[in-house]
Undergrad: 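Below are the structure tokens for one structure; questions will follow.
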Amino acid sequence: MNTSIKGNWILILALTLFSAPLVIMYGFQLIDSVSRPAPGGIIPQEWELTNWRFLWEPIDSARPSIWRVTFNTFVFASTTALLVCAFSITAAYALSRLNFPARRFFLAGLIMLHAFPTITLIIAIFIVLQFLGLYDSLMGVILVKAALELPFGIWIMKGFYDSVPWEIEMAGVQDGASRFRVWWELILPQVKPGLSALLIFSFLAGWSEFILPLVLAPGADAQVLATYMNAVIADDTRPDYGLFKAIGMFYALPVIAIYLLFQKRLMNIYGGGTKG
Amino acid sequence: MQIKLQNFTKRFGDTTVIEDMSLSIASGEMIALLGPSGCGKSTTLFAISGIHRIDGGSLHFGDRDVTTLPPQDRPVGVVFQNYALYPHMSVAENIGFPLRVQKLNTAEIKRRVGEMAELVQIGNLLKRRPQQLSGGQQQRVALARALVRKPDVLLLDEPLANLDAKLRLEMRSEIRRLQRETGITAILVTHDQIEAMSMCDRIALMRDGQIEQISTPSEMYERPASHYVAGFLGNPPISFLKAEANGKLMLGAENSLPMPQGVDASGPITLGIRPEHFGPQHQGPTVTGRVSFIEPQGREDLIDVTLPDNQRLRAIVPAGHDFALGQDVNWQVDLSRTHLFNAEGNRL
Amino acid sequence: MNRQTLLGWSFLSPALMAVVMFFLLPVILTVVFAFTNMSTSTGILGGEYQISESDLRRLPAAGVSNESVEMLAGAGYAVRPETLALFASDFGDERADELDALHGGAVFDDRRAIERALKDLRRDPIRSVRDRKAAAEMFRISILGQRYPTEAAFADAIADIGVPDADRAALTEAAYTGWTFTTQNFELLWELPATWRYAMNSVVYVVLTLAFNVSFGLFLAFSTFYLPTRTAQTFRAIWFLPRILPPVLYVLMWQWLTWDQGFISTILRPFGIEPINWMRHTATHAWTFIVLINGCVGASLGMILFSSSLRAIPETQLYAAQVDGANRWQQVRFVLLPQMRWPILFITSYQTLSLLTSFEYILLATDGGPGRQTEVWALAAYHTALSNYGGNLEYGLGAAYALALVIIGILLSALYLRFFNFRELVAKPRIEQ
Amino acid sequence: MKQMTCALALLAATAATPVLAEDINITVWAGGSNDSDHYRIDNIKIAADILSREAAIRGEELNITVEGKRDFDGWDGFKQAVTLGAEAGNAPNIVVTSHLDIAPWASAGYIVPVEDYIDLDAWPLNNVYSNLMEIAAYDGMQWGVPQDAESRPFFFWKETMEKLGYSAADIDAMAARVQAGEYTLRDMLADAKKAVDMGLVEEGYGFYPRVSNGPDYAQFYQSFGGELMDPDTGKLVLDRTAMTEMYQFFVDAVEAGVTRKNHIGTDWDQWYSEVANGKAAFWHGGTWHYGRYTGKEGNEDFFGTIGFTLIPAGNEAGRANTVTHPLVYLVTDQEEDRAEEIAAQLVSIASEPRLNTLHAIASSHLAIGKAEAALDLYAGDRWASEATEVLLPHANAQPNHPSYGAFSEAMFKGLEAAWSGVQTPEEAVAEIEAQMSATLGDELIIR
């Protein structure tokens, strides 16, 4: 098979053309955050860091500090990820390996939930949260987000569990260990790649989440970067794309860092989980 | 430890895999469960280990009824086909795991792991991880792990299937040595007749969830209880001929053989002749046919002879003969070693 | 219960609890809400009982007799012996006497008037606002504008003012401020022309986006398959990023690309093309960009899945095809593509449902505009129930919109269950004890 | 409210015993507020300070903490947050919102009438314009207090008018002519077309309306004779002829090339910068735009460049008009009656002329009370004085009706459909008629 660049120049050209809009957007996302274009133009005129002023001074008297919002977002994303992982590794193991009544039913339910239109339930979810007294709190959004991510998480983890040889489990049982111990000591280490992929993935999902915090936690205490950024953009007195982009860069940095560090694992999740 | 499986029945959903099977194994004996895949031999093994529930019947280890005991509580060690070593643990940790579960102290675990490793001759590999070991070494670790907790019974599930031919020979005798040295009662599940015959005291040949015959390897080879057993054992396999018994055994119009002694039969029967009991070098009645296939094997050749009624007989002939394809031959059958089966397949 | 069952249940229970709380319960609630007229004005958590001024004119239509209506409409505050006695006990006989002298038998239409009277007492006016309010309440005889938390309290109140028995039931029903059960939402959905347009929009959106996702995902997978690893990786990264970038940021990039003074307008200006808002100029523009925005996110999923199933195809097949003289297109067409049936099917069905119910990117990009041209069903549900300019949140109608999606979701996923080899997925655990 | 009465009586009874330190947290949420509107919240903070001082003089210790929030995702997000918050029982104590929310929120029980806690006859509330107070009342009760006043004028670019042949005197007389109905929207359209044809403004910039839904469009409905609410029955009114003509007007504007077909959804920033610098001939906006034009957009000669009038009449049936859409302070229903009382008192104090003037001038809004005109800060501001004089006397407000939100939403949807050419005006009106009669039922009169 010919995989040299020379032999594939048409293909590369086509790909480059198709990718151009995205590349331009990424490029200017970066450039505009640290420069100022001429009025009505796009070519950067001056390099400057004033767009990043939001890091050390409030951009508007009504907005909470970016650091507080970032902290919230971090708490939101990481707690969500931990919850999703904790619930998924147990539930998926039960569905994959344990024999108990109604298992079939739960499996069918899982597949159904996997494709369920969750966001349409948001009104009713509000009621539930409200009964729990968790409306307008970070904890409430975390619970909801974690619950909505669960079917995906269980699905992925079940895929990984399914690929662990049964014999390991049998050997453990035969060696005298309880099923719990077998799971904890023998099986869990085998699904570590899946677990870390899920952890990263649900962290990213939490980091990006917009609608849930918007609707379920509108108060200042639970602002996250997504709602913060959207509010800054929506505020029609400040058409400052440079500022938007700087905030956007700030918001995206962890995502990009995670992508660069864990590329392989992220791709893993699609490979492992969605084979159907 | 004597094992007694009585009226064992196993169902998966609606399908009954094993019905009403009984098997008893003497203490210190090594027995093979032999049969083609799907015959229920692994199911039996897993039932004995406790991984599968027993749907009917009972299982005793010695006097103890273990029918409903979970696998954790049964004094059983298992070696799996793919060894099932814990990939994230070192060899020592693998072997030590069953002891750790028993909450033995570290020093004791270390001592016994060391002992066990010496026994299976992997004392120098204790720090390695399973993926750094060869197939044979992994096999030894698996054996060590199965034996370290001093079980009463050792179960081996196709233990040699994943090894190359040379290692297989080596491990065959190695496993037998270990079994003899520890005096443990062992059950070997295999589909390989050579393994079964060479390693075990007795063979239980299974077919469709039933034990077809249980006896020593030589007994089973010499006196197969059924058409099925005869056909399963022996390599190259036995040749079967359809014959009509009416005082003589009629093989088509041209050939006939005298009735072997002590057999009384009439009507259609099946005659089984192993290749080593047919050929130009034997004493006995002859059969005519034409050489239809020659397969040199080095020390000897396999030669197929097609009889006039189109049935085939295979012969093992020492190398250095000058038979050629298409040649008509008239060869002897060692009549006393032939096997006769009735229409139901049972030995006559 | 054996140990395995116990462990199974306890392992499942945290997830189960989350699912019950945030899927099952909401689904049930959605079904219930869809059959109510719940909105901002009715509140969500039940109502109270109140007859307000504007209710009066509706009452005759609700079957309340004019006599009762007049009774309800009667004056609000009266200085009568019984109200005066009440007043005297709290504020002293002296004040009561003076009030009686000044306004005995008088009737005040509104509270402001009686408060004035209390303020104007000569000898010892009630000085504190709070006391005055409390005192004024003592003279109240009307129930207009009063809220009663329970039906019983309201029944007592209307009995007190002498509403005839015959009218009480109708009056109570009319006075209830909370939501009631109705099938009106579905009638409304059926009748409103907009409903059909939203449904059509959804279909257009799903079909176009899916077509883009699958075909572009395939293109990316195939083209990167043939490229050297590093080049392929670069392109994959470019196309993977939209998937993990926060939607708010990702859509902002597109906004910047397309707005009047944005990238496209700026680079086209020298060619004499007037700057326009490329995303919102017309419905066609909006659709194009919505498909692109969602498509670039979706294509990466296709790309990854297709790439991994491509890698699973033994390379020898390609060598064989090359030996057979197949060019690259023929390799793709006759060797690779036929083996991609399964992942294509998976992506298609999986994304059909998620596209049908997703609206985040549309919300951020066009918010359904221009002129509701890109308002899809799920977004309409969101707008109706939770977010519109007037703050008129119609939970009941929104739930009816949502219910339609829930039903489609259940039907489709039940279909997928059959599709995706459920039997294999539920293969029985091999350790039985 | 019965319990409230009891609670009041109880409080009155215990008022004699000295109360030790009392700590009260008051949250204020202000919708649709930008940086320049910060006095909506700050005035409550100042009021809290005053109220604590008053309490201190009486010998009570009252500590009030005020927390404000105004960075919502538009009006949609704000109303969603308030509504859901009220349902969840953690609504802010005071909300600053459109007076249109009074009807539904009162009906749902989210808000309490301020009249339960404060004396409307006393200063400063007796100073507030009575028509504004009226706007904050519903169903015979005073629910809120106006927070600011504004009006939505029609603007034109003077230079363009001059080039179209209007003399300085003509331009000065525009406001009067519009008010008298002598200059109508149709005349404006003709002028706008001329301006486009003459190249004074670019195509699509002749008439440059608001880019999103807002009360402004109710004005055009009124210009064509539409009536929003029937005064006798209190029902909403859909006047098919007026609505069709209003839609037709915008369609004609598009066809004449003076307004862009895809105008709705134009970026607000772009819009502001264009109208403030003469890129458009005619447009309409709000009195608060003055601050933006002269501030951020850098128009240093507002009065020299921009003229303003009422929204002209559209035809014979209609009249020149303007809508004032005051925001109001509303007090929400809380578990603690004391919190409601304090909140109402803070609202009252925040309506002091001096405090309100701070907001009015800082954010280019208009006064809520007569006395403000006498304050130096207010009187010294030319825009505030002139706009008050020209516009406020003619201003009416949209009706407080529980279903007005649905009405207004439907009206705009129809306009958008006609404007963008998806439907003809007749079709659009037919559709909104179907929609309104389905959703409003008895509460709608169709003419």
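These numbers come from the heavy atoms of this one structure, side chains and all, not from hydrogens, waters or symmetry mates.
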Undergrad: Verify the neighbour count for atom CD of D:E54: are there more than 12 heavy atoms of other residues, nucleotides or ligands below 6.0 Å?
TA: yes
Undergrad: Measure across C:Y395 and D:T83 and return the closest heavy-atom pair with its distance rounded to 0.1 Å.
TA: OH-CG2, 3.1 Å
Undergrad: At a heavy-atom separation under 4.5 Å, does D:I118 approach chain C through its side chain, its backbone, both, or neither?
TA: backbone
Undergrad: Near C:D156 CG, under 6.0 Å, is it more than 12 heavy atoms from other residues, nucleotides or ligands?
TA: yes
Undergrad: Report which part of C:I44 has an atom under 4.5 Å of a heavy atom belonging to chain D: side chain, backbone, both, or neither.
TA: both
Undergrad: Check each of D:D121, D:D116, D:D119 against C:R112 using the salt bridge (Lys or Arg N to Asp or Glu O under 4.0 Å) test, and report the only one that passes.
TA: D:D121
Undergrad: What part of D:Y404 lies closer than 4.5 angstrom to a heavy atom of chain C: side chain, backbone, both or neither?
TA: neither
Undergrad: Just how far is it from atom CG of D:D76 to atom CG of C:D367, taken to the nearest 0.5 Å?
TA: 7.0 Å
Undergrad: Rounded at 0.5 Å granularity, tell me how far CE in D:M141 sits from CZ in C:R111.
TA: 8.5 Å
Undergrad: Does any backbone or side-chain atom of D:Q423 lie under 4.5 Å from a heavy atom of chain C? Answer side chain, backbone, both or neither.
TA: side chain
Undergrad: Side chain, backbone, both or neither: which part of C:Q184 has an atom under 4.5 Å from a heavy atom of chain D?
TA: side chain
Undergrad: Any sub-3.5 Å donor-acceptor pair from D:K413's side-chain atoms to C:A194's backbone N or O?
TA: no
Undergrad: Can you say whether D:Q435 sits under 4.5 Å from chain C via the side chain, the backbone, both, or neither, judging by heavy atoms?
TA: both
Undergrad: Name the member of D:G140, D:G204, D:G31 that forms the most heavy-atom pairs with chain C at distances under 4.5 Å.
TA: D:G140
Undergrad: Which pair of non-hydrogen atoms, one from C:K119 and one from D:A122, has the smallest distance, and what is that distance?
TA: NZ-CB, 4.4 Å
Undergrad: Taking atom CD of D:E203 as the centre, report whether more than 12 heavy atoms of other residues, nucleotides or ligands fall under 6.0 Å from it.
TA: no
Undergrad: Of all of D:F78, D:W105, D:Y110, which one pairs up most often with chain C through heavy atoms under 4.5 Å apart?
TA: D:Y110
Undergrad: Relative to chain D, which of C:L188, C:T177, C:T366 shows the most heavy atom pairs under 4.5 Å?
TA: C:L188
Undergrad: For chain C, find which of D:G109, D:G421, D:S408 contributes the most heavy-atom pairs closer than 4.5 angstrom.
TA: D:G109
Undergrad: Applying side-chain contact (heavy atoms from CB on, under 4.5 Å) to D:E416 and C:Q373, what does each step give before you reach the verdict?
TA: CA-CA 10 Å; D:E416 216 179 347; C:Q373 289 300 294; over 6 Å; no
Undergrad: Within a radius of less than 6.0 Å around NZ of D:K261, do more than 12 heavy atoms belonging to other residues, nucleotides or ligands occur?
TA: no
Undergrad: By a 4.5 Å heavy-atom criterion (distance strictly below it), what part of D:L100 contacts chain C: side chain, backbone, both, or neither?
TA: neither
Undergrad: Flag the one option from C:Q50, C:M279, C:R116 with the top tally of heavy-atom pairs under 4.5 Å to chain D.
TA: C:R116
Undergrad: Minimum heavy-atom separation for C:L386 and D:Q80, please, with both atom names.
TA: O-NE2, 2.9 Å
Undergrad: State whether the side chain of D:S107 and the backbone N or O of C:S41 hold a donor-acceptor pair below 3.5 Å, judged by distance alone.
TA: yes
Undergrad: Which bit of D:Q142 comes within less than 4.5 Å of chain C, counting heavy atoms only: side chain, backbone, both or neither?
TA: neither
Undergrad: Please classify the contact of D:A418 with chain C as side chain, backbone, both or neither, using a heavy-atom distance under 4.5 Å.
TA: neither
Undergrad: Below 4.5 Å from any heavy atom of chain C, which atoms of D:D101 appear? Answer side chain, backbone, both or neither.
TA: side chain
Undergrad: Can you say whether D:F412 sits under 4.5 Å from chain C via the side chain, the backbone, both, or neither, judging by heavy atoms?
TA: neither
Undergrad: Indicate yes or no: at least one non-hydrogen side-chain atom of C:R197 is less than 4.5 angstrom from one of D:E431.
TA: yes
Undergrad: Given the rule in the side-chain contact (heavy atoms from CB on, under 4.5 Å) test, do C:V129 and D:Y117 qualify, once you have shown the distances and angles that lead to the verdict?
TA: CA-CA 7 Å; C:V129 175; D:Y117 302 97; over 6 Å; no
